[in-house]
Protein chains: 2
Amino acid sequence: MKKEKALYREFLKSKNLKLTKPRLIILEAVFKNNEHFNVDDLYEQIKRNHQNVSRATIYRTIPLLVESGLISQSLRCESKDIYEHTYGHENHLHFICSNCGKIIESGFNEVEGLIEQLANKENFKIQEYNLGARGLCKNCRE
Amino acid sequence: MKKEKALYREFLKSKNLKLTKPRLIILEAVFKNNEHFNVDDLYEQIKRNHQNVSRATIYRTIPLLVESGLISQSLRCESKDIYEHTYGHENHLHFICSNCGKIIESGFNEVEGLIEQLANKENFKIQEYNLGARGLCKNCRE
DNA sequence: TTGCTTTTGAGATTCATTCTCAATAAATAC
DNA sequence: GTATTTATTGAGAATGAATCTCAAAAGCAA
């Protein structure tokens with residue numbers, strides 16, 4: 001959380017943006033959450049903590065967090081955008097259970113190299129991976 | 001297009017649904033389109049062809065096409081759901097240019113095996129892949 | 001045909017996200 | 001410190017894709 005904050009501050013400064021109180025509250029909520037969250041999760045968490053930030057500000061702040069590399073958009077669930085921590089987390093792929101909605105994370109290393117090769121073939125510079133598959137999890141297979 | 005239609009008819013019958021005129025018009029529009037399309041694309045294409053189907057019906061029909069395996073949801077672009085042909089198309093992964101929106105398709109075979117292994121490790125049964133990466137295409141790299 | 005079920009079109013509704021704009025806060029100049 | 005300028009915020013309005021409603025139309029069986 002220390003490093004995240006430093007990085008954020010750095011990023012904002014480089015963009016001539018200010019590390020205001022709402023932006024700080026949002027940062028803290030993001031990293032107090034477990035890895036996957038959506039805007040409502042943040043909003044509720046902040047309220048639960050007796051703080052207050054408007055939804056508008058959350059919506060405005062998320063792109064900053066994404067651009068700074070701290071989080072990234074990962075999936076959609078129930079027609080809401082879902083984000084996840086990026087900083088300090090290995091890339092990974094998602095297996096999403098189409099029955100119960102469970103998200104399973106799985107390794108990535110081996111896959112990454114391959115995909116990079118494919119990208120190179122197309123002269124494409126990857127900024128952000130988006131790898132997953134839908135299907136049935138262990139429990140729902142029966 | 002022959003096979004697609006047969007498959008569709010088959011599927012509808014198995015669900016006790018009827019192959020009505022609007023449903024047929026939509027099927028034709030879907031497969032006259034090139035691979036990626038959204039609801040508006042279909043709607044416009046149908047109108048251009050001097051036919052008429054309401055947006056509501058398109059929205060209602062797409063899930064049927066997905067369930068039948070003829071198409072699948074692939075990406076979102078400009079906050080619209082995008083679909084793609086599945087039937088008769090190899091699985092592939094998408095490189096999406098975050099600058100110009102271009103979609104590049106790339107091979108898959110080698111990746112598929114790896115990912116399947118990872119899924120097996122989790123006892124997860126894959127139904128549908130969703131593999132891609134955002135970044136900059138050849139033209140936008142400069 | 002008649003009666004019954006499914007499907008459709010049109011418009012209303014929902015709901016996540018974005019936008020607007022007046023009020024506030026931060027930063028800088030004086 | 002105060003005044004001035006600029007960036008940011010909150011509240012609610014607006015947007016727009018997707019879904020829902022319901023009366024009318026189409027399909028189907030007998």
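So you know, we letter chains A, B, ... as the sequences are listed, proteins then strands, and number each from 1. Not measured: the values here are computed from a predicted model.
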Write down the distance between [atom1] ([X]) and [atom2] ([N]), rounded to a whole number of angstrom.
X       : N      : atom1 : atom2 : value
A:Asp81 : D:dA17 : CG    : P     : 15 Å
B:Leu17 : C:dT6  : CG    : P     : 9 Å
B:Lys15 : C:dT7  : NZ    : P     : 12 Å
B:Lys13 : C:dT6  : NZ    : P     : 18 Å
B:Leu12 : D:dG27 : CG    : C1'   : 14 Å
B:Arg23 : D:dA26 : CZ    : P     : 15 Å
B:Asn16 : C:dT6  : CG    : P     : 9 Å
B:Lys18 : D:dA26 : NZ    : P     : 13 Å

Can you tell me if the side-chain N/O atoms of A:Thr20 get under 4.0 Å from OP1 or OP2 in C:dA26?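 A:Thr20 to C:dA26 OP1/OP2: no side-chain N or O under 4.0 Å.
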Got a sec? Which of residues 37-65 of chain A come in under 4.0 Å of DNA chain C, heavy atoms?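 Hits under 4.0 Å, by residue number: A:Ala56, A:Tyr59, A:Arg60.
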Test item: side-chain donor near acceptor, A:Asn123 and B:Arg141, under 3.5 Å: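 On atom types as modelled, these side chains qualify, holding a pair under 3.5 Å.
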A:Phe31/A:His85 aromatic ring centres below 6.0 Å: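 So the answer is yes for these two rings.
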Spell out, yes or no, whether A:Tyr59 and A:Ile26 are grouped together once hydrophobic residues are joined by side-chain heavy atoms under 4.5 Å, including indirect joins.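 Linked within one cluster.
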Is the B:Phe108 ring parallel, tilted or perpendicular to the B:Tyr129 ring (thresholds 30°, 60°)?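 Because their plane-to-plane angle is over 60°, the rings of B:Phe108 and B:Tyr129 count as perpendicular.
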Is a donor on one side and an acceptor on the other found under 3.5 Å between the side chain of B:His92 and the backbone of B:Asn109?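 A pair under 3.5 Å: no.
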Counting only heavy atoms not in A:Glu10, do more than 12 sit closer than 6.0 Å to its CD atom?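 For A:Glu10, atom CD is not crowded (no more than 12 foreign heavy atoms under 6.0 Å).
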Could you check which of D:dT9, D:dA17, C:dT17 has an atom nearest any side-chain atom of B:Arg76?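 Nearest listed nucleotide: D:dA17.
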